[in-house]
Amino acid sequence: MTNPTATLDERYDPSAIEPAVQQRWRDEKVFEVREDPAREKFYCLSMFPYPSGRLHMGHVRNYTIGDVISRYQRMQGRNVLQPMGWDAFGLPAENAAIERGVPPAKWTRENIAYMRGQLQRLGFGYDWTREIATCDADYYRWEQWFFGQLLEKGLVYKKQATVNWDPIDQTVLANEQVIDGRGWRSGALVERRDIPQWFVRITAYADELLDDLDKLDEWPEPVKTMQRNWIGRSQGLQLRFPLIDHDGELEVYTTRPDTLLGVTCMAVSAEHPLAQLASAGNPALAAFCADCRMNSVAEAVVETAEKKGMPLGINVRHPLTGATIPVWAANFVLMGYGTGAVMSVPAHDQRDYEFAQAHGLPVRQVIAPAAGENCDLAAAAFTEYGVLINSGEFDGLTSAAAFDAIADRAEQQGFGSRKVQYRLRDWLVSRQRYWGCPIPVVYGEDGEPIAETADRLPVRLPDQVDFAGIGSPLKQMASFYETTLPGTATPARRETDTFDTFMESSWYAQRFCCADLQDGMLDQRANYWMPVDQYIGGIEHAVLHLLYARFFHKLLRDAGLVQSDEPFKRLLTQGMVCAETYFRRADTGKLTWYSPADVDVDTDDKGRVTGARLRADGQPVEVGGVEKMSKSKNNGVDPQHLIERYGADTVRLYTMAAAPPDQRLEWSDSAVEGAARFLRRVWRLAHDHLARGPVIAATIPADGPLGDLRRRIHETIAKVSDDVSRRYKFNTAIAAVMELFNALSSLDDTSPAGRSVLQEGLEVISLLLAPITPHIAEVMWAALRPGDKPVTEAGWPTVDETALTRTSIEVVVQVNGKKRAVLQLPVDADAATAQRLALADENVQRFTADGTVRKVVYVKGKLVNIVVG
RNA sequence: GCGGCUGUGGCGGAAUUGGUAGACGCGCUGGAUUUAGGUUCCAGUGGCCUGCGCCGUGGGGGUUCGAGUCCCUCCAGCCGCACCA
């Protein structure tokens, strides 16, 4: 395929060129790829969207970044896979069903169809033959199959776990559905309730997940730090305190055994068996424990709630001193984490300190601070390491030495043992919801779970459901849950819980490699494409999704389905898309938010914002600050309107130019206008150039304005290449192209030599812009290079080193660190010459005349600093 | 509460390895073209003085010939916290 001979229309009309260019990509299957061992592969993946209805600007940003990287890599000659699909299960589909009576499947399919159209209109180079929707049985059947494998290996298990329960709606609530302790629809006070749920044993891989972070040298350091903290590996001591007047002992875990002699209290969860035991004869305590259950299970809620407690009337014996220690129930200790009990050391733990202050418990100092450290136990706990005091035979030991001495003692005397503990908890994958992948398990008469056998998969989620009832419709559907045990006619009951949607998003990257595979989960193609070379998505996924996906990949590896250890080689976390907010406050205090599209902003003659008015009534509204685009603040910008008004290239250019990809992007209508203006200017320069007829090739001397311009062309290639491939700073890449364009457009030379340089410059701009604004780049390139390959097949431009040669350089002269002159020096000038010329400069002498030169610092080719005293 | 991040003109941002602060764009001011402009083009645009000077990167302190960049400390805002995706 070659470019036709063409000129450019006078006017840039994206609505005409973009569909035509996209049609060529479709007709020639430009982005459909296959494994090719002869070429270097590049797998570029953006986090697939939840089909919520319409694309939002966050999607546009995410997918433009991915497309820019993909197209750049294509131009580098790599075999590039860039697929797209749908994270199609989830809660919003159920909400739509409840609110509007639309079946979740229908709602989801319609959303997918609309959003697919939007993605195509934006010109993203996806291989659509690999499209996946996770709600397809062809997809989730393999997840069900794999769950069976994990069950066989003992990597999944069932146990009781606590959920948020809405007693009016009789349903389990997600944390985000609990607002101020109440259900978001019913308004009922939420209770904690324990129900049996499925877990995947991610803690069995905790060490590997932690250690392999060191291999991910192309991941952002903050993401790795967050994962390390999330896994939270700690070395500590599991201790047993014998109960007084009761049988048994109270087990706790501590990372600070050096503070063992400072224990003045034990705190247990309200759900702890000991608290339950003590509640039996103590109505006040029973009431307190019941009250503790009236709270969301969300960690942020638990940790920020007021610290409350009540004594159980039960004591334990200190294993070293024999002292009597009271046991308290406390609302900040969670049953689901560790042993559900902690030892309280008020002097050396801030939370314990506050708890002790609130309840009049003693504060016993056992760690003395090192010299120079602050320690005021009247004000706060001392939480640093130090030297032991008030600890009998352990006095004088450092915290580190005491850790070992006390651990040895505990192990000798049998009241404790060393233990590695993780903050990471096993992955709870059960959801009491309808719109998800059915958990492929049946229960016999005895209630024991049995995995579905492969021949009975998929366990299909029924499409026709009734949302009139309470909770998940599956629990009311006998036709779904009545079944038989595999391979028999014995009646059995099917599991009605579904999987956490993070399950589906944990292996879609691998499935994209062989999306059409009918008789297996993955095949050898996954090993050609995996790992993903570049993964792109929001920073909000830094821990959960990215940790689950890493874990799942290791599970797939250990099942022999993939060979690599990690799924994502390089990670880019993009920032949020934000916009200004506007509101009015009613007398009741209620805020009404207005869309930026409906508001006019007033400015003074310097452009400062002085206020804003609602266009509809001309009355003022308050400016609320820049926040993440959201429905609740009504500050979203619909990309669809922008695409219709400006075309895909302008939207893509703006989102890449406005901010670096990993920082937040602040929306600006007028800056979009600016992006459109730039493309019109580029188009017009190319049009005017081509209208002058064919270019006669000419040799350009390195000296002179045309040589300088050629140098700028090639400096721009070097700068943009580095920005796009290494730095991922598309905003500065675009700025560099704009600078080059400004230089080219001010060239007033229609001689053969001048036109030859302009031709080269315009070709380079077409190529450099091709990943970002592929439609205009394709049309311009075709007009500039008739008979050549289309821009999608053209290589990335290379730097002509001979064009870069300079004869002179600028050197800044400072006196005491302040700039006083700029010198033009020959490139090969030595330090002595630079220093001599700097000191000879007239303006420099004005500032050196009154003192003596004490020192001269010379940074080669850049700067001279003269220190005068 | 815990973990992570970010603070630079009127605004978005640039300054890549401690070396010219404010690239590029928006906005604004003035001018030109046009029947008209929400078009296009030209010039100016950190602040204070309007001289070649001084000040200036959230606040305060420090290291250095030199700090937006490194160290200490304080403040403000944002993201995540396990059933939103």
Side-chain angles (χ1 to χ4, degrees), chain A residues 47 49-50 52 87 89-92 163-164 172-178 197 221-223 225-226 228-230 232 297-305 307 332 350-351 423-425 427-428 430-433 500-502 505 538-545 547-548 575-576 578 603-609 625-628 654 657-660 662-675 677-678 680-681 684 722-723 726-727 729 731-732 734-739 742 810-814 816-820 822 843 846 854-857 859 862-863 865-868:
Chain A
M47 290 182 187
Y50 177 77
S52 55
D87 191 12
F89 279 135
L91 213 40
V163 295
N164 301 312
V172 176
L173 296 178
N175 282 331
E176 78 156 10
Q177 298 173 317
V178 181
Q197 312 210 57
E221 207 53 53
V223 173
T225 304
M226 278 190 260
R228 283 190 190 100
N229 290 332
W230 187 262
V297 297
E299 189 175 295
V301 174
V302 173
E303 290 292 326
T304 52
K307 307 284 179 284
F332 56 85
Q350 189 56 27
R351 190 172 63 179
R423 204 187 78 94
L424 180 69
R425 315 196 294 257
W427 179 10
L428 198 173
S430 301
R431 296 292 180 270
Q432 294 69 47
R433 312 203 185 280
D500 176 5
T501 58
F502 277 130
S505 56
I539 183 70
E540 67 273 19
H541 296 290
V543 179
L544 290 174
H545 162 64
L547 191 65
Y548 292 141
M576 291 180 312
C578 305
T603 56
D604 64 14
D605 63 2
K606 291 249 172 86
R608 290 188 199 94
V609 174
V626 176
E627 298 194 45
K628 179 180 177 173
Y654 168 73
D662 55 346
Q663 283 177 34
R664 82 172 192 178
L665 186 158
E666 200 173 308
W667 188 259
S668 158
D669 282 320
S670 50
V672 179
E673 199 72 58
R677 188 177 306 147
F678 173 70
R680 282 196 298 269
R681 283 181 186 149
R684 198 174 50 242
D722 188 46
D723 280 351
R726 180 183 64 87
R727 296 213 306 148
K729 295 273 187 191
N731 55 329
T732 53
I734 291 165
V737 173
M738 286 177 168
E739 282 185 79
N742 290 341
E810 274 189 359
V811 172
V812 169
V813 184
Q814 297 179 330
N816 289 339
K818 288 190 196 299
K819 178 181 161 188
R820 299 300 177 189
V822 181
N843 198 45
R846 285 182 51 218
R854 303 207 178 276
K855 186 175 176 183
V856 179
V857 178
V859 181
K862 272 196 166 169
L863 172 138
N865 189 16
I866 301 162
V867 185
V868 177

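Remember, it's a predicted structure, so these values are computed and weren't measured experimentally. Quick note on labels: first sequence line is chain A, next is B, and so on, each numbered from 1.
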*Could you encode protein contacts along nucleotides 70-76 of chain B as a string, one character per nucleotide from 5' to 3', using B for base contact, S for sugar-phosphate-only contact and - for no contact, with a heavy-atom cut-off of under 4.0 Å?*
-------
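- Checked against G1(B), U39(B), C65(B), the side chain of N865(A) finds its nearest nucleotide in C65(B).
- Consecutive pairing runs in RNA chain B reach the stem threshold at B:1-7 with B:75-81, B:10-12 with B:24-26, B:27-32 with B:40-45, B:46-48 with B:53-55, B:58-62 with B:70-74, where a stem means at least three Watson-Crick or G-U wobble pairs with distances under 3.5 Å.
- In this structure, the ring pair (Phe, Tyr, Trp, His ring centres under 6.0 Å) partners of F89(A), at least two apart in sequence or on a different chain, are Y140(A), W435(A).
- Looking at residues two or more places apart in sequence or on another chain, you find no ring pair (Phe, Tyr, Trp, His ring centres under 6.0 Å) involving W230(A).
- Qualifying salt bridge (charged side-chain N to carboxylate O under 4.0 Å, His left out) partners for D87(A), counting only residues two or more places apart in sequence or in other chains: none.
- Under the side chain to side chain contact (heavy atoms under 4.5 Å, CB included) criterion, V626(A) pairs with C578(A), E580(A), R664(A), E666(A), sequence neighbours left out.
- Contacts of E739(A) classified as side chain to side chain contact (heavy atoms under 4.5 Å, CB included), with partners at least two apart in sequence or in another chain: R712(A).
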What protein N or O atoms touch nucleotides 49-52 of chain B N or O atoms at under 3.5 angstrom, if any, and at what distances?
{"residue": "C52(B)", "atom": "O2'", "partner": "R846(A)", "partner atom": "NH1", "Å": "2.5"}
{"residue": "C52(B)", "atom": "O2'", "partner": "R846(A)", "partner atom": "NH2", "Å": "3.1"}

Polar atom pairs between nucleotides 41-46 of chain B and protein, under 3.5 Å, N or O only, would you list them?
{"residue": "C41(B)", "atom": "OP1", "partner": "R681(A)", "partner atom": "NE", "Å": "3.1"}
{"residue": "C41(B)", "atom": "OP1", "partner": "R684(A)", "partner atom": "NH2", "Å": "3.1"}

Between the protein and nucleotides 4-14 of chain B, list every N/O to N/O distance that falls short of 3.5 Å.
{"residue": "G12(B)", "atom": "O2'", "partner": "A658(A)", "partner atom": "O", "Å": "2.8"}
{"residue": "G13(B)", "atom": "OP1", "partner": "R664(A)", "partner atom": "O", "Å": "3.4"}
{"residue": "G13(B)", "atom": "O3'", "partner": "N731(A)", "partner atom": "ND2", "Å": "3.3"}
{"residue": "A14(B)", "atom": "OP1", "partner": "N731(A)", "partner atom": "ND2", "Å": "3.0"}

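- Mapping T304(A) and N164(A) onto RNA chain B by nearest heavy atom places T304(A) at the nucleotide closer to the 5' end.
- Applying the side chain to side chain contact (heavy atoms under 4.5 Å, CB included) rule to N175(A) yields the partners N164(A), S296(A), V297(A), A298(A); only residues at least two apart in sequence or on another chain are considered.
- With sequence neighbours excluded, the residues forming a side chain to side chain contact (heavy atoms under 4.5 Å, CB included) with Q350(A) are Y353(A), E354(A), A380(A), A381(A), listed by chain and number.
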